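Read the structure below first, then the notes.
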Amino acid sequence: MTTMTDASVREFKMPDVGEGLTEAEILKWYVQPGDTVTDGQVVCEVETAKAAVELPIPYDGVVRELRFPEGTTVDVGTAIITVAVAGAAAPEAPEAPAEQQRAEPAPAAEEPKPEGRQPVLVGYGVATSSTKRRPRKGPQADVPGPAQAIQAELNGHGATLAEKPRPLAKPPVRKLAKDLGVDLASVTPSGPDGVITREDVHAAAAPSAAEPAAQAPTAAPAAAPAAAAPVASYDTARETRVPVKGVRKATAQAMVGSAFTAPHVTEFVTVDVTRTMRLVEELKQDKDMQGLRVNPLLLIAKALLVAIKRNPEINASWDEANQEIVLKHYVNLGIAAATPRGLIVPNIKDAHDKTLPQLAEALGELVTTAREGKTSPAAMQGGTVTITNVGVFGVDTGTPLLNPGESAILAVGAIKLQPWVHKGKVKPRQVTTLALSFDHRLVDGELGSKVLADVAAILEQPKRLITWG
């Protein structure tokens, strides 16, 4: 048998793909043990609290082991894959130790989803993670049997065989036991390899308690909850529970932090945008705009940039630690985008310096990338002011919450044909309602009103893009 030395194996560690994020969930592996990889080849896709990101491996070789299954959240700096570098001898499969064989794809039931994880946003604290691996043994050490290996894995990836074993149960079963007041250490397991099932918990609780309605067993086979892969969602008799994680969890944390940190004020204005809509149609025919995304949002974004130029104090942030207002001499314009993974707010860097065609190109790339789920963490950092277009859903307007670290957000409502007094007569006109929320610690009512009034004035008379810009 050919022995592989430590020097011939490279470990690829989870990188910090989000400038301060501490963990990421492995969504999908694109390689398996035995596959040949080359420098720069994408080996997996991971999701941080901000976005889904593909990770390329930085060297050539043959995949030796995948350290974590799909669905596992892993700390930054933890090795996730080992590769026998190019030119190194690989071990013969029939004689590979059990510890190495464990890298082969296992049924989803073999690895539970670790508990206690919490994706974090930059500036919102570091969450404690429980993702660990048990100490690796040297080539001459005893290798535990299959049942012992499963026990070590389910016991938090860190328990030694000499320790008192922790009862084996999936996270939903542990929650059920907690709700019913059942000590898992007193439950007799009936699942494979000594795993405690929901039915075991019910049996232990039967003499003194009944399961709450929200935890009623499903019509699925009895062993399904205990044998499932890391849970994406699971049904009860009348409810479906979906774990809050990744982008959705980060958004929730950020919005709660924003709502209870920055004192929000929202102002509204309804405006006739008929001339802006005509200009949109004219620009679509302009040869300099061919192939670009031309829509009302483009001119609304340009209008907001002009309003910020006229009222630069709106483009700021509040530094609580130093008790300072930080004035930004650049505009990174955020565009709120709804994606299958939740709400994200990528931003256009230095939007204030872009011409109308350049802004249109940047908006088009931002939207396309967001829809494909390829927005990078860097694209969502450093925003200064945001636009959210709720009008695409037919909504008139709303009271948007500030993106953390920003001073203002503009909500754009649906553009509708409405009766409007124009030149002394009631006529059908294209009308929309704008809502501007701002941080009242650094933006007073006068400044907020000026910015909103400027945006409205530009959309009513878009020639002001030239005279004011």
Side-chain angles (χ1 to χ4, degrees), residues 12-28 39-58 73-78 80 118-127 245-255 257-258 293 301 305 315-317 319 326 328-354 358-388 402-407 409:
F12 179 56
K13 298 179 179 181
M14 179 69 74
D16 177 2
V17 295
E19 298 182 19
L21 296 177
T22 61
E23 59 188 10
E25 178 185 351
I26 298 174
L27 295 179
K28 184 177 181 60
D39 185 1
Q41 178 179 339
V42 173
V43 294
C44 68
E45 181 181 21
V46 302
E47 182 180 31
T48 69
K50 291 181 175 291
V53 182
E54 292 182 333
L55 298 183
I57 201 152
T73 298
V74 182
D75 291 341
V76 168
T78 302
I80 60 174
Q118 185 179 19
V120 295
L121 259 181
V122 176
Y124 281 82
V126 177
K245 59 183 181 178
V247 173
R248 291 186 185 276
K249 188 165 189 173
T251 300
Q253 292 172 334
M255 291 300 98
S258 174
R293 186 186 297 269
L305 291 170
N315 190 44
S317 63
D319 187 339
V326 183
K328 309 293 178 65
H329 303 303
Y330 58 91
V331 181
N332 289 345
L333 182 62
I335 304 294
T339 73
R341 291 192 174 94
L343 179 70
I344 63 174
V345 189
N347 60 76
I348 299 172
K349 309 298 184 187
D350 294 324
H352 64 289
D353 278 340
K354 297 187 181 299
Q358 290 172 339
L359 188 60
E361 182 178 8
L363 273 171
E365 292 176 355
L366 181 149
V367 171
T368 299
T369 303
R371 287 177 177 174
E372 293 175 350
K374 303 299 183 182
T375 303
S376 68
M380 292 184 284
Q381 296 178 357
T384 61
V385 177
T386 291
I387 295 176
T388 177
L402 294 168
N403 204 32
E406 299 182 11
S407 60
I409 178 171

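The shown structure was predicted, so the numbers you read here are calculated from the model rather than taken from an experiment.
Taking K374 as the reference, E54 meet the salt bridge (charged side-chain N to carboxylate O under 4.0 Å, His left out) condition, with sequence neighbours excluded.
When every heavy atom of K349 is checked against every heavy atom of A378, the shortest pair comes out as NZ-O, 3.2 Å. Shown here for A351 and L305, the closest heavy-atom pair between the two residues is O-CD1, 3.6 Å. In this structure, Q381 and N347 approach most closely via the heavy-atom pair O-ND2, 3.1 Å. Closest heavy-atom contact between V53 and P377: CG2-CD, 3.6 Å.
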Considering only distance and modelled atom types, tabulate donor-acceptor pairs under 3.5 Å from the side chains of residues 361-370, sequence neighbours left out.
{"residue": "T368", "atom": "OG1", "partner": "G364", "partner atom": "O", "Å": "3.0"}
{"residue": "T369", "atom": "OG1", "partner": "E365", "partner atom": "O", "Å": "2.8"}

Mind listing the side-chain donor-acceptor pairs of residues 328-335 below 3.5 Å, one per line with the distance, residues two or more places apart or on another chain?
{"residue": "N332", "atom": "OD1", "partner": "D350", "partner atom": "N", "Å": "2.9"}
{"residue": "N332", "atom": "ND2", "partner": "G382", "partner atom": "O", "Å": "2.8"}

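Between I26 and V74 there is a side-chain heavy-atom pair separated by less than 4.5 Å. Taking 4.5 Å as the limit, every side-chain heavy atom of T339 sits out of range of all side-chain heavy atoms of R371. Using a 4.5 Å cut-off on side-chain heavy atoms (C-beta onward), D75 and M14 make no contact. Within the 4.5 Å cutoff, the side chain of L55 has heavy atoms near those of the P15 side chain. N315 places a side-chain heavy atom less than 4.5 Å from the side chain of V385.
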Exercise for review: Decide yes or no on side chain to side chain contact (heavy atoms under 4.5 Å, CB included) for I348 and K354, but give the supporting numbers first.
Suggested key: CA-CA 10 Å; I348 299 172; K354 297 187 181 299; 3.5 Å; yes
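Between the side chains of E406 and S317, no donor N or O sits under 3.5 Å from an acceptor N or O.
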